[in-house]
Amino acid sequence: MEAESQMREVKYAADISSIREAQARIKPFIHQTPVLSSESLNTLAGRQLFFKCECFQKGGAFKFRGACNAVFSLDDDQAVKGVVTHSSGNHAAALSLAAKLRGIPAYIVIPKNAPKCKVENVIRYGGQVIWSEATMQSRESTAAKVLQETGAVLLHPYNDRRIISGQGTISLELLEQQVPQLDTIIVPISGGGLISGVALAAKSINPAIRVLAAEPEGANDAAQSKAAGRIITLPETNTVADGLRAFLGDLTWPVVRDLVDGIITVEDKEIIHAMKLCYEILKVAVEPSGAIGLAAVLSDSFKKNSAWKDCSNIGIILSGGNVDLGILWDAYRK
């Protein structure tokens, strides 16, 4: 009940109404992704696990939900000049695809160190790639220049009401149509758009549900932020999970602060092992960021934490499957 009263008292960037509106708006375009389970993985975890396979979403990741909602929320006068974003990965591809479906240009600022497979997705979906240096300052300044030249609309990868609302549709599918008995959902955390949407929707449907974040040790800014009670950013990140290197925004942080019940940090070797289990047991190829929820539920820090002993029916968001196979094989050999 605490989460329910919290949501009534605090005005967050999105809410159950905006998430239901997003669901209706994007329904003609997205996949309702399946939920998989495995007795072998249940035995390993000592819990019932339900994997929401956003790796099967259009564009190969959950990001298409938010991008689609944002693009189709624009009025015609806004949309005609196109959209612009800066992203190293799945949001870039998702926005390119959503813009293509609407018939408008997408200008995508991509850092030079972005994974090759994710750049190829942007090009495949018709996005216009503009290169930047790897730093956030370069990404933002390049995007600002593109905005000035084109008059396009900037759509932030996660710090945007429309994006958060789109991502929240995952919870509506999970809890209302697929696995209503869940008592816990584990979600990858980076900038916080996914977990904000998931938490806002899930706790509106079931205020008692636990929402836990999974984060790499080498990019543990969200865990540090929760501990400090304010947004912490890191001078650098070091993790195989290239999709989990962003920092919380001013719209996502209040949701993470108030509605996320805990953050589980895991090492890269645990993430790689979880990728391997997904491939070998679930028969699903996921990127490191997508496998981190399984890594978290199998970690000693989760299993031995008495606060989570009652987590018995757990939803795990497999957030994406866009992985360079060469890097995947190299990681397995380590």
Side-chain angles (χ1 to χ4, degrees), residues 31-57 60-62 170-171 173-175 177-189 194-195 198 202 209-217 239-241 243-244 261-334:
H31 295 316
Q32 178 173 312
T33 52
V35 172
L36 299 181
S37 59
S38 160
E39 285 303 320
S40 296
L41 291 177
N42 291 347
T43 300
L44 273 178
R47 335 256 174 154
Q48 298 292 308
L49 307 181
F50 300 89
F51 296 89
K52 179 64 169 163
C53 294
E54 286 298 294
C55 46
F56 297 151
Q57 188 53 262
F62 76 94
I170 291 172
S171 284
E173 290 179 11
L174 253 181
L175 296 176
Q177 299 169 30
Q178 294 174 315
V179 199
Q181 73 269 29
L182 291 181
D183 54 53
T184 307
I185 304 177
I186 299 183
V187 189
I189 192 167
L194 173 59
I195 200 167
V198 166
I209 200 167
R210 300 177 187 90
V211 177
L212 304 178
E215 185 173 48
E217 288 277 8
T239 176
V240 69
L244 302 181
D261 297 289
I263 298 180
I264 305 153
T265 58
V266 294
E267 296 179 4
D268 276 7
K269 65 182 181 182
E270 295 173 284
I271 296 173
I272 292 164
H273 180 59
M275 290 172 69
K276 192 167 185 282
L277 291 174
C278 285
Y279 189 77
E280 291 179 348
I281 298 176
L282 282 183
K283 313 304 180 189
V284 172
V286 295
E287 59 191 272
S289 308
I292 195 170
L294 177 58
V297 84
L298 295 178
S299 68
D300 285 343
S301 60
F302 178 76
K303 286 183 169 182
K304 295 179 179 178
N305 188 332
S306 60
W308 314 131
K309 69 181 188 305
D310 295 329
C311 298
S312 55
N313 292 299
I314 302 176
I316 295 176
I317 312 296
L318 299 182
S319 56
N322 294 315
V323 59
D324 280 324
L325 287 178
I327 294 171
L328 176 66
W329 305 143
D330 288 346
Y332 284 173
R333 284 195 287 264
K334 285 181 180 177

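- K52 has its side chain within reach of Q178: a pair of non-hydrogen atoms, C-beta onward, lies under 4.5 Å apart.
- Within the structure, the salt bridge (Lys or Arg N to Asp or Glu O under 4.0 Å) test picks out the following pairs touching residues 261-273 (sequence neighbours left out): K203-D261, E267-K269.
- Summarising the geometry, atom OG1 belonging to T239 is positioned 4.5 Å from atom CD1 belonging to I271; distances are rounded to the nearest 0.5 Å.
- Between S40 atom OG and E280 atom CD the span is 11.0 Å, to the nearest 0.5 Å.
- The shortest heavy-atom contact between G321 and C55 is N-CB, 3.6 Å.
- Nearest heavy-atom pair across V266 and S299 is CG1-CB, 4.0 Å.
- Under the 4.5 Å side-chain criterion, counting only non-hydrogen atoms from C-beta, C311 is in contact with R47.
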| said: Would L282 and F51 count as a side-chain contact (heavy atoms from CB on, under 4.5 Å) here? Give the steps. | reply: CA-CA 9 Å; L282 282 183; F51 296 89; 3.7 Å; yes
| request: With side-chain contact (heavy atoms from CB on, under 4.5 Å) as the test, would you mind laying out the steps for L277 and L44 before giving the verdict? | output: CA-CA 11 Å; L277 291 174; L44 273 178; 4.1 Å; yes
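- Put simply, the side chain of L49 reaches to within 4.5 Å of the side chain of L294, judged on heavy atoms.
- Contact of the D310 side chain with the D183 side chain is not registered, since no non-hydrogen atoms from C-beta on lie closer than 4.5 Å.
- Annotation: the span from I189 atom CD1 to S289 atom OG amounts to 12.5 Å, rounded to 0.5 Å.
- The closest side-chain heavy-atom distance from I209 to L175 is below 4.5 Å.
- The minimum heavy-atom distance linking V323 with M275 is given by the pair CG2-CE, 4.3 Å.
- E287 places a side-chain N or O within 3.5 Å of a backbone atom of N322 that can act as its donor or acceptor partner.
- Contact annotation: the side chain of F56 approaches that of V284 to within less than 4.5 Å [non-hydrogen atoms, C-beta and beyond].
- In terms of heavy-atom proximity, V198 sits nearest to S171 at O-OG, 2.9 Å.
- Taking all atoms of both residues into account, the shortest heavy-atom contact from A241 to P288 is CA-CB, 3.7 Å.
- Counting heavy atoms from C-beta outward, V297 and T184 have side chains that stay 4.5 Å or more apart.
- For the residue pair I263 and E215, the shortest heavy atom distance occurs at CG2-OE1, 3.8 Å.
- The side-chain heavy atoms of I264 and N305, taken from C-beta on, include no pair separated by under 4.5 Å.
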